[in-house]
Amino acid sequence: MEALSMEIDRQQELSANPVPFARSYQLEALEKAIKQNTIVFLETGSGKTLIAIMLLRSYAYLLRKPSSFIAIFLVPKVVLVPQQAQAVKVHTDLNVGEYWGDMGVDFWDAAKWKQEIEKHEVLVMTPAILLNGLRHCFFKLSMIKVLIIDECHNARGRHPYACIMTEFYHRQLCSGVSDLPRIFGMTASPIKSKGGNSEFTYWQKIHELETLMNSKVYTCVNESVLAEIIPIPTPKFKFYSHKEIPYTLYTCLVGKLKSLKERHELSLRKSDFTESTAVSTHKMISKIFSDLLFCLDELGVWLALKAAKSLSSNKNELFSWGELDVFGEEIVRSFRSDAIRAIENYIPSGPQWSIAVNVIENTDEGLLTTKVGCLIESLLEYRGLNDMRCIVFVERVITAVVLQSLLNELLPKYNVWKTKYIAGNNSGLQSQTRKRQNEIVEEFRRGSVNIIVATSILEEGLDVQSCNLVIRFDPSSTVCSFIQSRGRARMQNSDYILMVKSGDSSTHSRLKKYLASGDIMRKESLRHSSLPCASLETDLYHEESYCVESTGAIATLSSSISLIYFYCSRLPSDCYFKPTPRWDKENGMLHLPKSCPLQTVHVQGGSKFLKQIACLEACKQLHNIGALTDNLVPDIVMEEAEVQEFGNEAYNDEQPSYIPPQLVNCCSNTSEIMYHCYLIEMKQKFSYDIPVHDVVLLTRSELGSDIGSLQFELFVGRGSLSVNFRYVGGVHLTPEQVLLSRRYQVTLFRVLLDHNLNKLTEVLDKFCLGDNLEIDYLMLPATGIDQRPSIIDWVSVNICVDHINHTLLKDHARNVWTINGWTCTCKLLNSLVYTPHNGHVYCITGTLELNGNSLLNLRDGEVITYKKYYQKRYGIRLFFEQEPLFKARRIFQVKNYLQGCRKQKEKESRNTSVELPPELCSVILSPISISTVYTFSFVPSIMHRLESLLVADNLKRMHLESDHCTQNDIPTFKVLEAITTKKCQEAFHLESLETLGDSFLKYAASQQLFKTYQNHHEGLLSVKKEKIISNAALCSFGCGRKISGFIRNEYFDPKRWIIPGERSGSNFLEEELLSKKLKIYVLGRRKVKRKTIADVVEALIGAFLSTGGEKSALLFLSWIGIKVDFDFIPHERHFHLHPEKLVNVRYLESLLNYSFRDTSLLVEALTHGSYMLPEIPRCYQRLEFLGDAVLDYLITLHLYNKYPGMSPGLLTDMRAASVNNDCYARSSIKAELHKHILHASQELHKHIIQTIDSFEKLSSESTFGWESETSFPKVLGDIVESLAGAILLDSGYNKEIVFQSIRPLLEPLVTPETVRLHPVRELTELCQKENYNMRKPFRYRNNGVSFVTIEVEANGFIYNHTSTSSDKKIAKKLASKEVLKSLKERQI
C-alpha cells in the first residue's frame, strides 16, 4: 500500500524540515507545531511565516501530487494573499494557488475546485472562501493536512475563522473524527480586545482563543533572544494641551454648515427622487457634514477646508452610499461647493500667506489644533535624521487624506520629506486600489516616500520593514492594534511615539497597560503551556442544520440567511429591481422573489431565531426541488460553470480539407478504364475576338443528377460566361489513351498556371500510371458541333502530344529552324511556344510578311531592324534573318472567375500581339488553337465549383444515410451555400442562411427548454440555452459530424489548384470514413475558427429550413445532436387570481386582436419583478424568454421569404434593425402598453415618463432603425416579447397567430429600401473598406453622464466627435453617427 493512502502516526512519521537560516526559537516552535496544534505568539517581524513554511516543508511529502491532500494558508485580508503565497513559493517546491473574492470564486462549482485541488498543493486564500467551500462541501477537512491561520486573533464571534472552527472542526472533533488538519495559528497578540485589569483576565482571553483554535500558544521563553533579533522601538509619550477653536469662529462656522445641510436636505425633499436615490443622497450629505464637523473639532479650520476640497474632488465616493442619479449628484456637489465657500471665508488669503509660515499663530487662530501642532513638533524633532521612514497611524480615512496635504505643504520648509497616505479601499470616502497601496509601500522602502499617514490597514497587512519611527496620532483601541502598530518600527533605534491629550488619564493608563501587556500575555501563555486544550462549550455546533447526504454540504441556522440571499442574488434582475427575500416578522412568512420556484415559507414559534429557521427551511425546500444543487449552491452557478468549462475546452483549429471521392481514384496500367463523359458547354455573354468552345470532363464515377446537369455563371471582366454540364454517356479508355490525355492536360494547365517551363519538365519525367490514390479526371477539348456525335477531339490530343517526335516532315513544303530543330511551318502555326530569351509562353496565330531585317518602331521613337533589336535588347544574334516572323500572342492569365463582386474590367495587354523569329521559339504543344488555350484558362474555376458542389453533395449524402433522415433531401446548391464563407468572395455565401438558421435554432431551443423546465426562471433557461446554441456548443456538434472538413473558407487561388493526373508529393491523399458506406479524402489541413464551424451549422439549419420546412430543420438538428421537438405539452398553471381586477383584459385583447383562453397569462406578461403582490406568483421573465425567441424567428423568416433575391448580409442588417429592444420599446409606447405594466418601481416609473416626453421628438414614421438619441427602459421592449410568449403559449404554440397579433404593433416593418446600418457598424465597415485608421474609443463617466469620443484618421485628416448621454452605448452611437456624416461629406 502506498504511504499516502495509509493512516499514519504524525509524531512518528513527520520530521522537521527547517531552512538552514532558521533561528533557535523558530526551530523550537516548529517542533511544537509538528507535535500538536499550535498558535505561535511572537512579535511582528520575528519570522512567524517562516515557521509556517517550515511546517509545510515537513508535510510536503504528504502533499505532493498525485496526493489528494492539500494544505491551506488562510489570511484575513486580500492584500496578504499574494504576499504569503510568494513566501511559500520562494522557500518550498510546492505548487501554490492564490484565491480571493474578486476572482469570482463565489460562482465556482465543485468541478472547478476539484481542478484547483488537483493542480495545487498549497492553497492561499481568505477565510470566507474556505468557509463557503466547507459549507458547500467543495472542501473537506479530511483532505486538509495543514491549516495555517494568519492573524488568528481575529478568530472570535462570527468571523470566518471562528465559523470554520465551530461549524466544522469542533463539530467533527466532538463526533470523534481523528483525521483532522494540523492547526497552526500566527499572531503578534493573542488578544484583540482592550485587554484586562488583571493577569487572570489576560489568561481568560488567551484561553478562549486556545479553546476555539484547539491549539496551545507557543511563545519565546527568553525575551532577550527575541530582543537581539527584533529591534523593539522605544516607547515615548507625547502630551499635548487641548485648546478649543475660538468659540465665535467655531459657532459661526458650525451654524453655517448646519444651515447649508438643512437647505440642501429641503431641496432633496422637494425633488421627485426615487426612494433609493433620496436615501443615498441624504446619507452622502450627512456623511460630508459629519466629516467636516469632525475635522473642525479634531484638526482645525484649515484642515476642514482641505477635507471639503478633498471630498469635492473625489469622484468614487458617490458609489459608496448607493447609486445617485444626475440630480442627486448635483445636490451633493452643490452642498460640497457651498461648504468650501463657507469655510474659505475664515481662512486668510493673499499670495504671501501659507499654513507653513507660523504654525503656533495658526494654532492660536484655530486654523490648526494643538493635536496637529503636536504631530508637527514630533516630526520636526527628527528633522536631522538622514533616512527618515515614519508611519503616522490615524483612525479615520479623512484624517489620513488631510494630514498628507498638510505635511506636504509644511515640511518642505524644513527638509525634503515626502508624505503619502494609505487607507482601506472600502472606506466610503476615497477608493485606493491595492496596486496603488503596494506602490506606495515600495516607494517607502526605496526612500522616495518618507512619511505614510495610514489607517489600521498597515497594522496587519502590507509588509513594511524599513521603518524607524511610528507615531500614534490616534491611540490604539485594542492590545492587538497597539502591538501590531508598534511592531512596524523594525529598524534599530526606532521610536514609538504615543500622542496623548494632557489630563486624559484614562487613555494614558490604558496605553501603559498595553505596554506591559506583551510581557503579561507571554508569561500567562508560558505558565499555562502544560495544560491541555479545553473542550469548546458552545451550542453552535449543535445547532439545527440541513445536510445533503450525497455530498456532505451543510446549511445551518447561522449560514441559512446568507445562503438564501446568495440564491436570490443569482435570480434574474434589472436596473429597477434586485430580487431579495422579504421577511414578514409579524406573520412568520419568508417571501421569495417571483422568479423563484418557491414563493413563501411559513414558520411558527416564538424563537428569536425564527427568521433563520425560515431561511433554513427555504434551503431545504429549494434543494428538494433542485433550485439548490447537492452542494447547496444555486442551480445557475453549476450551469454557468458548465457553460464556461465548455467554452474553455481545447479546440484544435487545424481541420481537414475534404476532396470528393468522385474525383479520386487509382489508375491501372493493365486494363481498360471506364470513364463517364460530361460535355461542358460554354457560352460567351460578351464580345471578344477569341471565342471559347466546349470541353469534355471524364470522371471515374457518375456524378449525381443535380450535379450532372449543373449550370452556373463565371464572372469575366468583360461580362459573364455561362457554363452548362450535360451527361453524354460512358467511354472505355486504354491505359495509353489515359496517359496521353493526362500528358495533354498536365502540359497545358502547367503552362497556363506557370507561364514558363520550370516545373513542366520535372512533372513529365515522373509521368506514369500506378496504384496510388490521386486526383483522377480528364479535361479534353470537345469536337465541333459539325463533327459530332464524336465528343472528344482525339485528333488534336494525339497530334498535339506527339508533335515533338515528328517535328520535321519531308513531305511538307517548308521547314524552319526552331530551338527544337527543323520544324514544319504548319506545326508552328496554332502552336504553344516558349521563348527562353524572355521566359514567356506564346500562342502562334499566323505568319507575317516581315523578317529580321524589317524595321521596328520602338516606344521612344527609335526605328531599328528586328535583328538589331534582339542584339541590343537580349544580346542574341539572329542567324536566319531572312525567315519570316510569326505573329504571336501572350497566353492568358488564369484567374478566379467565381468572384461575384468583380467591379474592375480586365486590363487588356498593351501589346496584344508580338512578332517572333522562329529560331527563338521552342514548341510545347501543336497544333492547339488560341481558342482552346483561352477556353482552358476557365477550367480551374469550373472544376473548383464542381469540386465544391461534390463536397456539398457528400455532406448531404452523409446526412441522408442516417436513420430517420433518408427522405430529408434538399438541393445540393443550398448545402454549398451553407458551407461557403464570406472569405471565398463568391456570388453567394452563408450569411443569410446563417441568420435564418440562428433564429430558428434559438426558437427551437427556447420553446423546448420552456416546455421541459416549467419551474426554471429565465436566467437558468438562458444559461441552458447557451449550452445548446453557443459557438462552442455548435462547433462541438459540427465537429462530431465532421462538418468542419466540408467547409469552404478560403479564396480560390488558381495557382494552388491541383492539376489532375500530376504527381506531386504535396498532394498526398488520406482516406476517411464518413459512415459505414461513405468515404471521403483528406488533402491536408487548414485553419478553421470555432465560430466558423458554428456559423456553418446555423447556415445548414437555415438551408434545411428554407427548402424543407421546419420538419426538415428539426431532422437536421436531431442528426447533429440537438434534440428538440415541436410537440405540444400542456403548460401546468395553478394561478388563482382575477385578471380583470389587475389589467384591462378587454382592451388588451382588442389591441392584440386575440382572445386569451387563460387570461392569467396576460397578467403574467405585464407583471414586472418589482410587483411583489403574492396573488401574482410570477413575473414576465419566462414569457419574455419565449417571446424573444419566437419574435426573432418569425420576423427573420418573414424577411427571408418576402425578399428572396436579397444579397447575402442584407438579411442580417434587416434583422438587426427589426429585432432589438429599442424597436420593441417604441412599438410599446405607440400602443401605450406602458400604461398597463404592473410594477412597484419609482425609478422605472420616472424613466418611462422621461421616455414618453422625449418620444414626441422622435420620428413617428418608423419603429426600426437607429434614430433614437435616448435609451429606452428595457422593460418597454420586454413586455412586447412577453405578450408574444403569452399568445404563443395560450394558442398551443401557433406561431402564425402570434405574428398576426404582434405584427400590427411593429408596423411598418423594415424593407431593403428603409434599412439602415447601426452607425457603429457602418463606421467600422467603412474604415475596414477604405483602410481608415479607427482609433480606440475614448470613454469616461462624470456625474452620471457618459462621454464617448470617436476618432478616425482618413487620408491625412482627423475626424472626431464627442457625444454625451446617460447611456454609454447611446453616446457611442451618436459620436459614430457624426463622424460618419463628416466622412461622407468629405468623400462627396
Side-chain angles (χ1 to χ4, degrees), residues 663 672-685 688-703 707-712 714 721-749 751-752 776-804 806 826-832 843-846 889 891-892 894 923-943 945-946 1059-1061:
L663 302 182
E672 285 193 343
I673 303 165
M674 167 68 177
Y675 280 92
H676 296 272
C677 295
Y678 293 87
L679 180 65
I680 302 178
E681 300 169 323
M682 300 190 205
K683 184 178 180 182
Q684 286 170 286
K685 296 183 179 179
Y688 192 46
D689 60 333
I690 303 174
V692 294
H693 59 68
D694 301 341
V695 293
V696 181
L697 167 66
L698 290 84
T699 63
R700 296 283 295 276
S701 303
E702 187 174 358
L703 309 181
I707 295 177
S709 56
L710 176 64
Q711 294 183 0
F712 59 92
L714 296 181
L721 180 74
S722 69
V723 178
N724 180 48
F725 279 60
R726 183 159 60 87
Y727 184 63
V728 291
V731 62
H732 288 82
L733 301 184
T734 65
E736 291 75 18
Q737 286 177 305
V738 173
L739 200 60
L740 186 73
S741 301
R742 283 190 175 185
R743 193 177 187 90
Y744 175 85
Q745 68 182 16
V746 167
T747 303
L748 180 53
F749 284 131
V751 170
L752 272 171
D776 179 26
Y777 61 86
L778 302 174
M779 295 296 303
L780 301 173
T783 58
I785 295 175
D786 56 335
Q787 297 173 293
R788 294 176 185 172
S790 177
I791 297 297
I792 303 172
D793 185 1
W794 285 114
V795 174
S796 296
V797 173
N798 289 327
I799 298 175
C800 192
V801 174
D802 206 34
H803 77 277
I804 295 176
H806 303 88
C826 65
K827 290 295 181 184
L828 268 174
L829 289 172
N830 290 320
S831 68
L832 204 59
C843 291
I844 303 294
T845 59
R889 190 162 182 163
I891 62 167
F892 309 91
V894 179
V923 180
I924 304 169
L925 286 175
S926 177
I928 185 169
S929 68
I930 192 170
S931 176
T932 299
V933 177
Y934 184 50
T935 299
F936 269 72
S937 70
F938 294 106
V939 167
S941 293
I942 294 170
M943 290 309 299
R945 171 60 54 81
L946 175 64
I1059 299 172

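Quick note: residue numbers are just sequence positions, from 1.
Contact of the Val695 side chain with the Met682 side chain is registered, since non-hydrogen atoms from C-beta on lie closer than 4.5 Å. Val723 is not listed as a side-chain neighbour of Phe938, based on a closest heavy-atom distance of 4.5 Å or more. In this structure, Tyr727 and Leu703 have side chains that are not in contact, with every pair of non-hydrogen atoms separated by 4.5 Å or more. Counting heavy atoms from C-beta outward, Tyr678 and Ser709 have side chains that stay 4.5 Å or more apart.
By the salt bridge (Lys or Arg N to Asp or Glu O under 4.0 Å) test, Asp776 pairs with Arg700, Arg742, sequence neighbours left out. Remark: Glu681 pairs with Arg726 by the salt bridge (Lys or Arg N to Asp or Glu O under 4.0 Å) rule, at least two apart or across chains. In this structure Asn830 satisfies the side chain to side chain contact (heavy atoms under 4.5 Å, CB included) test with no other residue, sequence neighbours excluded. Applying the ring-ring contact (aromatic ring centres under 6.0 Å, His included) criterion to Phe749, with sequence neighbours excluded, gives Phe936, Trp1057. For the side chain to side chain contact (heavy atoms under 4.5 Å, CB included) test, residues two or more places apart in sequence or in another chain that qualify with Gln684 are Phe686, Tyr688, Pro691, Val692, Leu721, Tyr934. Evaluation of the salt bridge (Lys or Arg N to Asp or Glu O under 4.0 Å) rule for Lys683 yields no partner, not counting sequence neighbours.
When all heavy atoms of Thr699 and Tyr777 are compared, the pair lying nearest together is CG2-CB, 4.2 Å. Nearest heavy-atom pair across Ala782 and Val696 is CB-CG2, 3.7 Å. Minimum heavy-atom separation, Phe892 to Ile690: CZ-CD1, 3.4 Å. Closest approach of Leu780 to Tyr744, counting heavy atoms only: CD2-CD2, 4.1 Å. Of all heavy-atom pairs spanning Leu752 and Ile891, the tightest one is CA-CD1, 4.1 Å. Counting all heavy atoms, side chain and backbone alike, Ser701 lies closest to His676 at C-CD2, 3.5 Å.
Without hydrogens or angle criteria, Glu702 side chain to Gly730 main chain gives no donor-acceptor distance under 3.5 Å.
Atom-to-atom distance recorded for Arg889:CZ and Asp689:CG is 4.5 Å, nearest 0.5 angstrom. Atoms CD1 and NE2, on Ile673 and His732 in that order, are 10.5 Å from each other to the nearest 0.5 Å. Of the inter-residue distances, the one linking Ile928 atom CD1 with Thr747 atom OG1 reads 9.5 Å to the nearest 0.5 angstrom. Atoms CG and CD1, on Leu733 and Ile792 in that order, are 6.5 Å from each other to the nearest 0.5 Å. Atom CE of residue Met943 and atom CG of residue Leu946 lie 4.5 Å apart, to the nearest 0.5 angstrom. Rounding to the nearest 0.5 angstrom, the gap separating the CD1 atom in Ile930 from the OG atom in Ser831 is 11.0 Å.
No option in Ser926, Ser929, Cys843 other than Cys843 meets the side chain to side chain contact (heavy atoms under 4.5 Å, CB included) test with Leu832.
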